[in-house]
**Student:** 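Below is one structure. I have some questions about it.
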Amino acid sequence: MKQPNRFTQGNAYAAQGGRARAAKLSPERRREIARAGWLGRVRRQFGGDVDAARAYIADLGRWAGDPYDGNPIPRVYQHPGEPSEYRARRYQLPLFGGAR
């Protein structure tokens with residue numbers, strides 16, 4: 001039986017508990033946790049290539065910041081795709097463009 005308001009998005013009690021836990025942590029410990037999360041993502045999705053991960057996040061940010069007003073004209077920045085697709089394009093030599 002499903003219990004209401006338990007582990008659902010927007011659960012005020014969970015949010016309050018998360019903020020209370022974060023307030024007890026020192027800024028150094030919060031940075032350690034964030035760094036571990038970043039390195040885990042880099043290892044899992046980018047094979048440990050920090051530069052590729054940074055470039056992906058930068059491209060994603062450019063795409064997100066590009067205003068879209070419903071105009072059918074293509075946007076300046078295109079979505080970089082899934083991290084696996086991004087890695088494939090980054091490491092694959094262009095067929096007709098030569099070496100990078």
**Student:** Membership question, hydrophobic clusters at under 4.5 Å side-chain separation (ILVMFWY): are Val50 and Leu60 in the same one?
**Tutor:** yes
**Student:** Can a donor-acceptor pair be found, under 3.5 Å and without considering hydrogens, that links the side chain of Arg89 to the backbone of Pro80?
**Tutor:** yes
**Student:** List for me each residue that meets side-chain hydrogen bond (donor to acceptor under 3.5 Å, both in side chains) alongside Arg29, sequence neighbours excluded, and say none if there are none.
**Tutor:** Glu32
**Student:** The criterion is side-chain hydrogen bond (donor to acceptor under 3.5 Å, both in side chains); which residues satisfy it with Arg30, sequence neighbours excluded?
**Tutor:** none
**Student:** A side-chain contact here means heavy atoms from C-beta on lying under 4.5 Å apart; do Asp49 and Arg90 qualify?
**Tutor:** yes
**Student:** If you look at every heavy atom in Arg87 and Gln45, which pair is closest and at what distance?
**Tutor:** CD-O, 3.1 Å
**Student:** Following the transitive rule for hydrophobic clusters with a side-chain heavy-atom cut-off under 4.5 Å over Ile, Leu, Val, Met, Phe, Trp and Tyr, establish whether Phe46 and Leu39 coincide in one cluster.
**Tutor:** yes
**Student:** Suppose the criterion is salt bridge (charged side-chain N to carboxylate O under 4.0 Å, His left out): which pairs have a residue in residues 53-63, not counting sequence neighbours?
**Tutor:** Asp59-Arg62
**Student:** Grab the two heavy atoms, one from Arg41 and one from Tyr56, that are nearest each other, plus how far apart they are.
**Tutor:** NH2-CE2, 3.8 Å
**Student:** Could you tell me which non-hydrogen atom of Ala52 sits nearest to which non-hydrogen atom of Tyr86, and how far apart they are?
**Tutor:** O-CE2, 3.7 Å
**Student:** Looking at NE2 of His79 and CG of Asp66, how far apart are the two atoms once the value is rounded to the nearest 0.5 Å?
**Tutor:** 12.5 Å
**Student:** So for atom CD, which belongs to Gln16, do other residues, nucleotides or ligands contribute more than 12 heavy atoms lying within a distance under 6.0 Å?
**Tutor:** no
